[in-house]
Amino acid sequence: MAAVERIVIENAAIATVDAQDTEHADGHVVLAGNRIESVGAGRAPEGLENVVRRIDAAGHLVTPGLVNTHHHFYQWITRGLATDHNLFDWLVALYPTWARIDERMVRAAAQGSLAMMARGGVTTAMDHHYVFPRGSGDLSGAIIGAARDMGVRFTLARGSMDRSEKDGGLPPDFAVETLDGALAATEETVAEHHDASFDAMTQIAVAPCSPFSVSTELMRRGAELARRLGVRLHTHGSETVEEEKFCHELFGMGPTDYFESTGWLGEDVWMAHCVHMNDSDIDAFARTGTGVAHCPSSNARLAAGIARVPDMLAAGVPVGLGVDGTASNESGELHTELRNALLINRLGAHREAALNARQALRLGTFGGAQVLGRATQIGSLEPGKLADLVLWKLDTLAHSSIADPVTALVFGAAAPVTASFVNGRQIVENGRLSTVDEDAVARSTREEARRLAGIAAQG
């Protein structure tokens with residue numbers, strides 16, 4: 001049996017984001033295969049065997065890899081459109097274009113979305129894909145294949161819609177699935193791709209899109225399916241005041257009560273956005289352990305509002321960060337969400353006490369791991385956890401005069417990534433992806449964006 005290979009990282013500032021928020025001003029991390037073997041102050045232990053690489057990380061901060069908890073990869077090829085719309089108007093404007101995506105477009109868009117996140121410190125990505133036009137090909141397989149090629153740990157939330165325009169929904173009729181068809185396709189995706197093991201690189205969640213694009217029966221049976229298969233559940237919730245009004249008009253109750261009535265609250269559930277939550281809603285999420293994917297830039301882009309993240313955290317609600325689809329967050333970078341989460345929440349009721357730098361970093365790392373149900377495996381730098389970590393370069397002009405490295409990372413400009421490791425494998429080196437050709441990805445996404453725009457223009 002081959003001896004495990006070790007990588008030693010030394011001379012770095014380290015933010016472990018463990019339960020005690022342990023930090024080392026000058027410390028080391030040892031990777032053994034795909035696991036973290038040791039983390040501590042000073043130099044690595046002497047006498048380590050089979051060390052294949054030593055990294056002098058002076059001038060760097062080492063953190064857990066960032067965890068993205070909400071995204072729509074396909075939107076990478078529809079960026080920069082409907083830039084002055086609220087959510088419902090934006091959806092109405094873009095659904096006719098999205099309804100014409102195909103497998104080639106989706107794979108290119110997934111590559112673009114993943115590449116932008118990975119080169120910015122994301123080691124675990126998530127995609128909520130819910131648009132499956134008839135005859136569009138194997139979209140789930142295309143997305144999963146792109147994540148595998150990138151080397152990123154990945155959760156596909158296999159979405160669905162069965163409430164089209166003829167039923168009072170927003171998407172075109174040919175862009176939705178039947179109830180039974182959506183459930184069968186979701187179960188097939190879980191059977192083919194979900195890995196429940198500790199070091200899984202691919203997992204699947206059951207993810208009907210939203211209350212206004214999905215029937216109540218699909219919500220109920222989707223929850224039953226997820227629990228029968230032992231996978232997590234994801235959807236959009238309480239994103240806008242229009243959604244709340246829609247739920248009251250259609251169901252006679254607000255979004256949270258509706259979710260609870262359909263089996264959609266629990267420790268195996270996380271919701272995107274959750275902007276318009278009252279005290280009772282937050283209590284229900286805390287009581288049931290339901291998680292939240294906070295998407296500050298997208299919420300601002302669509303003028304949805306400011307989520308009550310400080311109140312959620314105080315109540316014990318698991319909260320992670322999300323990019324959201326890049327048609328509502330054109331930068332597509334999660335590390336900028338650390339800063340935006342902190343700044344935007346300070347515009348809310350708690351003002352300067354809303355969030356601090358370390359809370360923001362926790363949202364983007366351990367909080368995301370909690371929301372995805374992987375807190376025992378990723379999200380903090382601790383012996384035995386998976387070797388997913390990032391080296392941020394903080395000794396350049398952009399950050400060198402900020403004494404505290406965590407403050408520099410969160411409050412400062414987007415920090416360069418010198419190295420990013422997933423499962424012990426380096427996927428970023430000096431700010432460039434080492435697993436794919438970024439320039440080729442840029443070309444293919446540009447071509448597919450133009451092809452989609454041409455098809456959409458023809459109607």
Side-chain angles (χ1 to χ4, degrees), residues 31 34-36 63-76 106-129 139-158 189 193-195 197-205 232 234 293 320-326 329 331-337 364-366 368-369 371-374 377-379 385-392 417-438 440-442 444-445:
L31 311 183
N34 72 342
R35 302 294 177 95
I36 297 170
T63 71
L66 301 184
V67 179
N68 182 50
T69 62
H70 186 66
H71 210 313
H72 308 296
F73 290 174
Y74 74 91
Q75 292 181 14
W76 186 263
V106 167
R107 183 173 179 86
Q111 288 177 320
S113 297
L114 286 159
M116 201 66 192
M117 286 188 294
R119 69 201 294 271
V122 168
T123 56
T124 296
M126 173 274 183
D127 184 33
H128 184 192
H129 188 85
L139 305 189
S140 294
I143 297 164
I144 291 167
R148 185 181 301 116
D149 292 347
M150 200 77 60
V152 172
R153 204 177 299 282
F154 182 57
T155 295
L156 173 66
R158 204 290 180 184
T189 304
H193 297 289
H194 182 69
D195 181 356
S197 67
F198 184 90
D199 56 358
M201 291 296 291
T202 304
Q203 295 196 329
I204 309 297
R232 297 181 73 73
H234 181 61
L321 292 181
V323 168
D324 201 8
T326 48
N329 177 4
S331 74
E333 299 173 295
L334 190 70
H335 60 320
T336 60
E337 299 305 302
T365 54
F366 188 78
V371 164
L372 295 185
R374 304 203 67 173
Q377 304 144 35
I378 59 173
K385 283 199 164 185
L386 295 168
D388 295 7
L389 67 154
V390 179
L391 280 66
W392 308 92
V417 174
T418 294
S420 181
F421 292 86
V422 181
N423 220 39
R425 176 195 183 195
Q426 188 169 350
I427 67 165
V428 176
E429 183 170 5
N430 294 322
R432 297 283 292 185
L433 292 162
S434 51
T435 52
V436 299
D437 182 339
E438 291 183 25
V441 171
S444 68
T445 56

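Because the structure is a prediction, the values reported are computed rather than measured.
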Inset, instruction - Could I get the full list of side-chain contact (heavy atoms from CB on, under 4.5 Å) partners for Ser434, not counting sequence neighbours? - result: none

Nearest 0.5 Å please: distance from the [atom1] atom of [X] over to the [atom2] atom of [Y].
X      : Y      : atom1 : atom2 : answer
Ser331 : Glu337 : OG    : CD    : 6.5 Å
His129 : His71  : NE2   : NE2   : 13.0 Å
Leu139 : Arg158 : CG    : CZ    : 8.5 Å
Met201 : Arg148 : CE    : CZ    : 9.5 Å
Asp199 : Gln377 : CG    : CD    : 8.5 Å
Arg35  : Phe198 : CZ    : CZ    : 4.5 Å

Looking at [X] and [Y], what are the two nearest heavy atoms and their distance?
X      : Y      : result
His193 : Ile204 : CB-CD1, 3.8 Å
Ile143 : Ala110 : CA-CB, 4.2 Å
Leu372 : Arg232 : O-CD, 3.1 Å
Ile36  : Ala387 : CG1-CA, 3.9 Å
Thr365 : Val67  : O-CG2, 3.6 Å
Thr69  : Gly368 : CG2-CA, 3.5 Å

Legend entry - Check against side chain to side chain contact (heavy atoms under 4.5 Å, CB included), His194 and Leu156: CA-CA 9 Å; His194 182 69; Leu156 173 66; over 6 Å; no

Legend entry - Set of residues satisfying side chain to side chain donor-acceptor pair (under 3.5 Å) with respect to Asp127, sequence neighbours excluded: none

Legend entry - Contacts of type side chain to side chain donor-acceptor pair (under 3.5 Å), residue His70, not counting sequence neighbours: His72, His234, His236, Asp324

Legend entry - For Asp195, all residues meeting salt bridge (charged side-chain N to carboxylate O under 4.0 Å, His left out), sequence neighbours excluded: none

Legend entry - Heavy-atom donor-acceptor pair, Asp388 side chain to Gly65 backbone, under 3.5 Å: no

Legend entry - Side-chain (Arg374) to main-chain (Gly379) donor-acceptor, under 3.5 angstrom: no

Inset, instruction - Apply side chain to side chain contact (heavy atoms under 4.5 Å, CB included) to the pair Leu31 and Leu389, showing each step before the final yes or no. - result: CA-CA 10 Å; Leu31 311 183; Leu389 67 154; 3.7 Å; yes

Legend entry - Close side-chain approach of Val390 to Leu66, heavy-atom, < 4.5 Å: no

Inset, instruction - Indicate yes or no: does Asp149 engage Arg107 in a salt bridge with an N to O separation below 4.0 Å. - result: yes

For residues 420-427, which side-chain donor-acceptor pairs fall under 3.5 Å, sequence neighbours excluded?
from, atom 1, to, atom 2, distance (Å)
Asn423, OD1, Asn34, ND2, 3.3
Asn423, OD1, Arg153, NH2, 2.9
Gln426, OE1, Arg53, NH1, 2.4
Gln426, OE1, Arg53, NH2, 3.2
Gln426, NE2, Val428, O, 2.8

Show me the side-chain donor-acceptor pairs of residues 113-126 shorter than 3.5 Å, one per line, residues at least two apart or across chains.
from, atom 1, to, atom 2, distance (Å)
Ser113, OG, Phe73, O, 3.1
Ser113, OG, Ala109, O, 3.1
Arg119, NE, Glu438, OE1, 3.3

